[in-house]
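The block underneath contains the structure these notes are about, expressed in structure tokens.
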Amino acid sequence: MRIILLGPPGAGKGTQASRLTAKYGVPSISTGDLFRARVKDPNDPLGQQIKAILDAGTLVPDEITVKMISERIDHDDCKNGFILDGFPRSVSQAEALEKMLKEKNLKLDGVVQIGVDEEKLVERIAGRFSCSGCGEGYHDKFKQPAHANTCDKCHKTGTFVRRADDNEKTVRERMHIYHTQTEPILPYYTERGMLKTVDGMADMDHVTAAIESALEPKNGGAAANSPKKFG
Ligand code: AP5
Ligand code: MG
Ligand code: ZN
């Protein structure tokens with residue numbers, strides 16, 4: 001299963017990608033997570049260049065991003081597929097992905113847009129935190145750990161962190177970049193008959209079920225899962 005999850009900041013791409021990995025037995029690949037991992041090393045000059053871009057909320061150049069994805073999907077764990085979270089993010093990246101997959105003799109199974117009401121995204125992003133031990137994501141209101149300050153997944157205590165780019169100024173820029181650079185890939189995939197849209201404002205379990213249903217071959221069209229228009 002090779003799929004792309006699309007949606008603005010806070011739509012739930014990461015949340016759904018980690019749920020779908022279990023169902024499909026393929027890894028989720030988040031360009032944001034890959035970049036944040038590089039930023040952690042203060043002696044990595046590329047990491048520090050990327051940090052400035054992440055802090056601004058703009059896009060990391062294609063030559064870095066596309067190469068990173070190409071290398072990542074060559075790993076053994078991707079032999080049965082992958083879930084792309086945060087890539088592609090522009091028409092040029094979508095074109096690069098198409099070319100790359102063709103060269104690797106691989107085919108995409110679907111592109112799912114997680115549709116959301118933008119006013120609600122600020123609340124989602126402002127309340128988000130994650131475990132620095134295992135990466136599990138949480139939310140102050142929508143997904144609290146069962147025991148305060150302890151990760152449900154890896155059971156470590158005191159490991160919760162918030163993202164540096166989850167401040168109001170950067171979030172506003174990330175939204176702007178989404179509208180200007182990423183949204184144009186929606187018609188790109190519609191033209192190829194690949195785009196399916198799910199209601200990302202439903203609770204997390206319902207969103208997961210809607211994505212799974214949209215990816216069923218019998219639901220081969222976007223319309224089956226497009227109750228309303230988002231964006
Ligand atoms: P990235 O890390 O991809 O950030 P993003 O696109 O802004 O998306 P987020 O991670 O903020 O949101 P999400 O959709 O994953 O939501 P989540 O599941 O966490 O990218 C960061 C930066 O890296 C970019 O700004 C750019 O600089 C760079 N970058 C990345 N990819 C790039 C590329 N391809 N090219 C160039 N540069 C690139 O959910 C949010 C919160 O809501 C969570 O707390 C969650 O618990 C909660 N939640 C989720 N679903 C629901 C629900 N249904 N109901 C209630 N709460 C929910
Ligand atoms: Mg994410
Ligand atoms: Zn953890």
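Counting convention: from 1, in listed order, for ligands and their atoms alike.
By the criterion of a heavy-atom distance under 4.0 Å, the side chain of Arg174, and not its backbone, is placed next to ligand 1. Of all the heavy atoms of Gln16, none lies under 4.0 Å from any atom of ligand 1, so neither backbone nor side chain is involved. Contact annotation for Ile177 and ligand 1: no heavy atom of the residue comes within less than 4.0 Å of the ligand. No part of Ser30 comes within 4.0 Å of ligand 1, judged by heavy-atom distances.
By the 4.0 Å heavy-atom criterion, Gly200 is counted among the residues contacting ligand 1. Residue contacts with ligand 1 do not include Thr170, since none of its heavy atoms lies under 4.0 Å from the ligand. The shortest heavy-atom distance from Ile125 to ligand 1 is not under 4.0 Å. Within the 4.0 Å heavy-atom cutoff, Gly137 does not count among the residues contacting ligand 1. At a 4.0 Å cut-off, not a single heavy atom of Ala56 sits close enough to ligand 1 to count as contact.
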> Given Tyr188 and Glu98, is the side-chain hydrogen bond (donor to acceptor under 3.5 Å, both in side chains) satisfied, shown in steps?
Replying inline: CA-CA 11 Å; Tyr188 179 92; Glu98 194 173 319; 2.3 Å; yes

> Under the side-chain hydrogen bond (donor to acceptor under 3.5 Å, both in side chains) criterion, do Ser70 and Lys104 qualify, and how do the steps go?
Replying inline: CA-CA 9 Å; Ser70 178; Lys104 295 180 195 289; 3.0 Å; yes

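In terms of modelled atom types and a separation under 3.5 Å, the side chain of Thr170 and the main chain of Asp166 share no donor-acceptor contact. One N or O on the side chain of Ser18 and one on the backbone of Thr15 form a donor-acceptor pair closer than 3.5 Å. Judged by distance alone, with hydrogens and angles left aside, the side-chain atoms of Asp117 form no donor-acceptor pair with the main-chain N or O of Glu119 at under 3.5 Å. At least one donor-acceptor pair closer than 3.5 Å links the side chain of His139 to the backbone N or O of Lys141. In terms of modelled atom types and a separation under 3.5 Å, the side chain of Ser213 and the main chain of Ala209 share no donor-acceptor contact. For Asn149 (side chain) and Thr157 (main-chain N/O), no donor-acceptor pair under 3.5 Å exists by modelled atom type. Judged by distance alone, the side chain of Gln48 and the main-chain N or O of Asp41 form a donor-acceptor pair under 3.5 Å.
In the vicinity of Asp165, heavy-atom distances shorter than 4.0 Å reach the ligand 1 atoms 21 (C). Short contacts between ligand 1 and Gly14, defined as distances under 4.0 Å to a heavy atom of the residue, involve ligand atoms 13 (P), 15 (O), 18 (O). Those atoms of ligand 1 with a heavy atom of Thr65 less than 4.0 angstrom away are 33 (C), 34 (N), 35 (N), 36 (C). Those atoms of ligand 1 with a heavy atom of Ala11 less than 4.0 angstrom away are 14 (O), 16 (O). Listed by number with element, the atoms of ligand 1 under 4.0 Å from a non-hydrogen atom of Met204 are 46 (O), 48 (N), 50 (N), 51 (C), 52 (C), 53 (N), 56 (N), 57 (C).
Considering only non-hydrogen atoms, atom 23 (O) of ligand 1 lies nearest to Leu54 out of Thr31, Ile50, Leu54. For atom 37 (N) of ligand 1, the choice among Ile53, Leu34, Val60 with the nearest heavy atom turns out to be Val60. Considering Lys13, Arg36, Glu173 only, the shortest heavy-atom separation from atom 21 (C) of ligand 1 involves Arg36. Counting heavy atoms only, Arg89 comes closest to atom 24 (C) of ligand 1 of the residues Arg89, Glu136, Lys143, Lys120. The closest non-hydrogen atom to atom 56 (N) of ligand 1, taken over Phe129, Phe142, Phe87, Tyr178, comes from Phe142.
Residue-and-atom listing of protein N/O/S atoms under 2.8 Å from the Zn ion (ligand 3), sorted by chain and number: Cys131 SG, Cys134 SG, Cys151 SG, Cys154 SG.
Residue Lys143 places its NZ atom among more than 12 non-hydrogen atoms of other residues, nucleotides or ligands, all under 6.0 Å distant. No more than 12 heavy atoms of other residues, nucleotides or ligands lie within 6.0 Å of NZ in Lys169, so this atom counts as exposed by the packing criterion.
Nearest protein neighbour of atom 44 (O) of ligand 1, counting heavy atoms only, is Tyr138 O, 2.9 Å. The closest protein non-hydrogen atom to atom 49 (C) of ligand 1 is Thr15 OG1, 3.4 Å. Nearest to atom 26 (C) of ligand 1 among the protein's heavy atoms is Thr58 O, 3.3 Å. In this structure, the protein non-hydrogen atom closest to atom 38 (C) of ligand 1 is Phe35 CE1, 3.5 Å. In this structure, atom 9 (P) of ligand 1 lies nearest to the protein heavy atom Arg128 NH1, 3.2 Å. Looking only at protein heavy atoms, the nearest one to atom 4 (O) of ligand 1 is Arg163 NH2, 3.2 Å. Protein heavy atom closest to atom 12 (O) of ligand 1, with residue, atom name and distance, is Gly10 N, 2.8 Å. Regarding atom 16 (O) of ligand 1, its nearest protein heavy-atom neighbour is Gly12 N, 3.2 Å.
Because its NZ or CZ atom is not both nearer than 6.0 Å to the ring centre of Phe87 and within 45° of the ring axis, Arg89 does not count as a cation-pi partner of that residue.
Side-chain heavy atoms closer than 4.5 Å link hydrophobic residues (I, L, V, M, F, W, Y) into clusters, and following such links, even through other members, never connects Tyr138 to Val122.
For ligand 1, the polar-atom distance check finds no N/O of Pro88 at less than 3.5 Å from any of the ligand's N/O atoms. In terms of N/O distances under 3.5 Å, ligand 1 is approached by Gln93. Residue contacts with ligand 1: Gly86 is placed with a nitrogen or oxygen under 3.5 Å of a nitrogen or oxygen of the ligand (distance criterion only).
Shortest non-hydrogen contact noted between Arg36 and Ser30 is NH2-OG, 4.3 Å. Annotation for Ile4 and Pro88: closest pair CD1-CD, 3.6 Å, computed over non-hydrogen atoms. What you find for Glu136 and Lys153 is that their closest heavy atoms are OE1-CD, 3.4 Å. Across all their heavy atoms, Gly133 and Thr159 have their closest contact at N-CB, 4.2 Å. The two residues Gly137 and Ser130 come nearest to each other via the heavy atoms CA-CB, 4.1 Å. Nearest heavy atoms, Pro27 versus Gly81: CD-O, 3.4 Å.
With respect to Leu6, the side chain to side chain contact (heavy atoms under 4.5 Å, CB included) criterion is satisfied by exactly one of Thr197, Ile114, Leu195: Leu195.
Sorted by first and then second residue, the salt bridge (Lys or Arg N to Asp or Glu O under 4.0 Å) pairs involving residues 47-61 (not counting sequence neighbours) are Lys51-Asp55.
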